[in-house]
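Step one of this worksheet: look at the structure below.
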Amino acid sequence: ETFATWIFIVFGALIIAGLMAFAISTGDKPAFIFALAAACSAFFLGFAVIFDRPRLYGLILFVSFVMIAGSVTNIVT
């Protein structure tokens, strides 16, 4: 449960909130939506850890990385 809590805090709050804040400050709505989707998927990572579902954890982590990549790509272009 402690590991799941750290996933909520570190991955969700620090990294993705920074992307969301940058997207809001620049007015880039698609980048914000990608970052928001990444935050929502990162939130569910903790549940995959708590219920001991490694395949689900990997799938949700992949989805989160894809959303982060989409957000960064949208910001850069």
Side-chain angles (χ1 to χ4, degrees):
E1 292 179 14
T2 304
F3 183 67
T5 304
W6 280 107
I7 288 173
F8 288 140
I9 294 169
V10 174
F11 193 73
L14 296 178
I15 298 170
I16 300 173
L19 275 175
M20 291 171 71
F22 184 78
I24 288 173
S25 66
T26 58
D28 195 357
K29 290 180 185 177
F32 174 75
I33 296 299
F34 277 123
L36 183 63
C40 291
S41 63
F43 175 77
F44 290 110
L45 283 174
F47 294 111
V49 170
I50 289 172
F51 295 125
D52 195 27
R53 299 288 201 184
R55 288 187 184 202
L56 183 61
Y57 178 82
L59 177 68
I60 296 173
L61 188 64
F62 177 74
V63 169
S64 183
F65 282 146
V66 168
M67 292 298 145
I68 289 171
S71 179
V72 170
T73 303
N74 203 344
I75 288 171
V76 171
T77 58

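Once rounded to the nearest 0.5 Å, the distance linking CD1 of I60 with CZ of R55 reads 14.5 Å.
In this view, V72 and L19, I68, V76 satisfy the side-chain contact (heavy atoms from CB on, under 4.5 Å) rule, not counting sequence neighbours. Under the rule for a side-chain contact (heavy atoms from CB on, under 4.5 Å), the partners of F22 that lie at least two apart in sequence or sit in another chain are S25, T26, I75. Residues satisfying the side-chain contact (heavy atoms from CB on, under 4.5 Å) criterion with A23, sequence neighbours excluded, are A31, F32.
For the residue pair N74 and P30, the shortest heavy atom distance occurs at ND2-CB, 2.7 Å. When all heavy atoms are compared, the tightest approach of A39 to I16 is CB-CG2, 3.6 Å.
Hydrophobic clustering (ILVMFWY, side-chain heavy atoms < 4.5 Å, transitive): F44 and V49 are in one cluster. The hydrophobic cluster containing L36 also contains L61, counting ILVMFWY residues as joined when their side-chain heavy atoms lie under 4.5 angstrom apart, directly or transitively. Each of L45 and V66 belongs to its own hydrophobic cluster when Ile, Leu, Val, Met, Phe, Trp and Tyr are linked at side-chain heavy-atom distances under 4.5 angstrom.
When atom types are taken as modelled, the side chain of S71 and the backbone of M67 share no donor-acceptor pair closer than 3.5 angstrom. Using modelled atom types, one side-chain atom of T73 and one backbone atom of A69 make a donor-acceptor pair closer than 3.5 Å.
The aromatic rings of F47 and F51 lie parallel to each other, their planes meeting at an angle below 30°, with 60° marking the opposite boundary.
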